[in-house]
Amino acid sequence: MTKGMRKGLTSYGDPGFSLFLRRAFIKAMGFSDDALERPIIGITDTFSDYNPCHGNVPQLIEAVKRGVMLAGGLPMAFPTISIHESFSNPTSMFLRNLMAMDTEEMIRAQPMDSIVLIGGCDKTVPAQLMAAASADVPAIMLITGPMLVGHHKGEELGACTDCRRLWAAHRAGTIDEDEIDVLSGRLAPTNGTCMVMGTASTMACVSEALGIAMPGTGSIPATHADRLRAAEAAGKRAVEMAKIGGPKPSEIMTETAFHNALTVLQSIGGSTNGLVHLAALAGRLGIEINMAEFDRMGREVPTLIDLKPSGAHYMEHFHWAGGVPKLMKELGDLIDGRAMTVTGEPLSASIARAEEVPNQTIIRTRANPLQASGAMAVLSGNLAPQGALIKQSAASPTLMQHEGRAVVFESVEDMTLRMDDPDLDVTADDVLVLRNAGPVGAPGMPEAGYLPIPRKLAQQGVKDMVRISDARMSGTAFGTIVLHIVPEAAIGGPLGLVRNGDRIKLDVENRRIDLLVDEAELTRRKAEWTAPKPHAGSDRGYLSLYLNNVNQADQGCDFDFLRKTPIHPSKA
Ligand code: FES
């Protein structure tokens with residue numbers, strides 16, 4: 001098999017000339033013939049001034065390079081898109097597939113025998129894993145790592161469960177303008193990813209469970225020396241993988257690996273976004289996520305991790321309690337230890353080496369779980385014929401069975417304009433409905449599913465209400481929130497038929513979300529329904545590509561043509 005600099009030559013019709021030209025150009029960087037004969041290890045450079053979650057990437061690249069050179073390889077870092085949650089308009093999810101395409105094509109286009117993918121912020125790890133799955137070059141996922149916790153008035157704070165809680169308090173008038181300014185400097189005190197069990201932490205844990213990240217590395221804080229040692233180790237291991245040509249992502253991310261990843265997702269109180277990303281990743285490999293099976297896991301797999309937003313602590317505490325290997329050890333026979341990892345060993349080997357930390361309470365036992373059930377439940381009903389999701393571990397137990405009057409918002413903009421209107425006809429028992437916020441409707445399925453409590457109710461002390469939408473929500477959010485309704489309203493899903501004052505019933509125990517309107521009336525409304533008008537600029541560029549090819553949430557919102565087996569673009 002062709003390796004190193006001879007791999008994937010530029011097409012000039014003369015391979016000898018192509019190699020000669022390649023070597024001539026790269027020698028301009030000062031490389032010797034000896035260096036150019038070594039196995040090549042690609043390293044993605046996702047540093048960006050816009051992305052503090054990747055603030056340590058330059059140091060990580062240096063450490064990976066050190067590992068590669070210690071093992072006799074040639075490291076080659078190259079840039080790709082970097083996506084940060086707060087600097088992505090309209091939303092980071094809109095750009096995830098673009099980053100996946102960029103990364104996949106750069107892995108294909110440039111010569112490399114293995115690749116170390118460095119990512120951390122919510123959409124970057126999924127994008128990189130999707131790219132690695134499709135390119136199928138031996139790959140290691142190196143996580144940038146979580147931030148350290150913040151402190152304010154003697155309290156530990158974390159981005160961004162506490163961002164939301166404190167902002168809600170500000171909206172309710174209990175935190176003034178001066179204090180909220182101070183807090184903005186304390187919620188994210190170091191570089192690295194959000195340190196609660198949000199999407200970034202979820203995907204870090206899931207990467208370890210999939211076997212595509214080195215064991216025990218997902219939870220190391222971004223600023224710790226161990227993070228750099230993990231990068232060096234990844235570089236060394238990537239050289240070994242380059243030499244033997246494997247294992248490849250398709251040999252690691254098997255159905256068994258996905259079973260383990262979904263089990264870990266449930267047990268950590270993981271982000272609902274994690275399921276969307278895993279569905280997209282599985283689709284790249286020709287694997288279907290079985291939602292019924294995932295729901296069954298939600299009943300069987302306990303939540304074992306005491307981290308916000310389901311619990312009380314943060315990623316650095318989880319790390320020092322033993323991290324993912326210890327968690328998987330506690331999960332016992334719920335994990336299939338035969339799954340292969342990037343180390344060349346089965347998952348059971350790292351589980352056997354899990355650190356035992358006396359008296360730690362962050363990783364619970366199955367006999368003493370944080371919650372008896374897993375993080376998520378899959379719902380269906382006449383409002384969600386192809387499914388919806390609720391993060392039950394972060395919901396209010398008193399609202400898990402609830403019937404209320406619908407208060408409908410037509411779009412994210414409509415919600416923004418009217419939610420705090422003192423004249424809004426709303427009570428704490430109502431069900432807030434947001435539609436046209438799905439993959440096509442928004443576009444990009446923004447994290448708008450965490451509808452704010454209307455200000456007048458927040459000021460009365462209301463902390464949670466049933467909220468439903470075809471949007472996503474941040475993994476850092478807390479509340480009784482039904483998300484990912486499929487099909488979405490903008491493509492004709494029944495969410496688009498709800499009217500103010502309709503009754504909606506949520507029944508998590510029986511996994512139902514229903515609009516209590518009779519069938520004949522719904523048929524009449526369906527006949528009257530018209531699609532929202534096209535988004536500005538939707539006739540060109542990436543937005544056009546996106547709208548014409550994006551799949552629904554149950555398929556991971558990937559582009560249909562990037563799946564191993566295309567199914568269909570979004571349609572009701
Ligand atoms: Fe990057 Fe939270 S904003 S991980």
May I have the step-by-step check of salt bridge (charged side-chain N to carboxylate O under 4.0 Å, His left out) for K329 and E355, ending in yes or no? CA-CA 10 Å; K329 191 170 194 175; E355 188 178 350; over 6 Å; no

With side chain to side chain contact (heavy atoms under 4.5 Å, CB included) as the test, would you mind laying out the steps for T263 and M297 before giving the verdict? CA-CA 7 Å; T263 303; M297 283 181 178; 3.6 Å; yes

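Judged purely by atom type and a 3.5 angstrom limit, H317 uses its side chain to pair as donor or acceptor with the backbone of Y314. The main-chain N or O of I335 is never found under 3.5 Å from a side-chain atom of N260 such that the two would form a donor-acceptor pair. Side-chain atoms of Q360 come within 3.5 Å of backbone N or O of I362 as a donor-acceptor pair.
For the 3.5 Å distance criterion, the side chains of D136 and S250 qualify, holding a donor opposite an acceptor. Residues T341 and T343 bring a donor and an acceptor atom of their side chains to less than 3.5 Å of each other. A donor and an acceptor atom, one from each side chain of N551 and D560, are located under 3.5 Å apart. Side-chain N/O atoms of S393 and S310 include a donor and acceptor closer than 3.5 Å.
Counting heavy atoms from C-beta outward, L275 and M291 have side chains that approach closer than 4.5 Å. Annotation: side chain of K123 is not in contact with side chain of L95 (no heavy-atom distance under 4.5 Å). The side-chain heavy atoms of L157 and L183, taken from C-beta on, include a pair separated by under 4.5 Å.
For the pair D333 and R366, the salt-bridge criterion is met [side-chain N within less than 4.0 Å of a carboxylate O]. Between E288 and K564 there is no salt bridge, since no side-chain nitrogen of the basic residue lies less than 4.0 Å from a carboxylate oxygen of the acidic one. The pair E240-R237 counts as a salt bridge, with a side-chain nitrogen and a carboxylate oxygen less than 4.0 angstrom apart. The pair K27-D33 meets the salt-bridge criterion, since a charged nitrogen lies less than 4.0 angstrom from a carboxylate oxygen. Looking at E37 and R23, a side-chain N of the basic residue comes within less than 4.0 Å of a carboxylate O on the acidic one, giving a salt bridge. Using a 4.0 Å cut-off between charged nitrogen and carboxylate oxygen, E330 and K326 count as a salt-bridge pair. R108 and E104 are joined by a salt bridge, as a carboxylate oxygen and a charged side-chain nitrogen come within less than 4.0 angstrom of each other. Ion pairing of E156 with K308 is absent here, as no side-chain N (NZ or NE/NH1/NH2) approaches a carboxylate O to less than 4.0 Å.
Judged as a side-chain hydrogen bond (donor to acceptor under 3.5 Å, both in side chains), and not counting sequence neighbours, D122 has no contacts.
Here T361 contributes atom OG1 and R364 contributes atom CZ; the two are 6.5 Å apart, rounded to the nearest 0.5 Å. From S267, atom OG reaches atom CG of L334 across 8.5 Å, with rounding to the nearest 0.5 Å. H151 NE2 to R186 CZ: the interatomic distance, rounded to the nearest 0.5 Å, is 10.5 Å. Atoms CD and CG, from E208 and L327 in turn, are 9.5 Å apart once rounded to the nearest 0.5 Å.
Ring geometry, F17 versus F20: the interplanar angle falls from 30° to 60°, so the pair is classed tilted.
Ring pair F478/Y450: centre-to-centre distance not below 6.0 Å.
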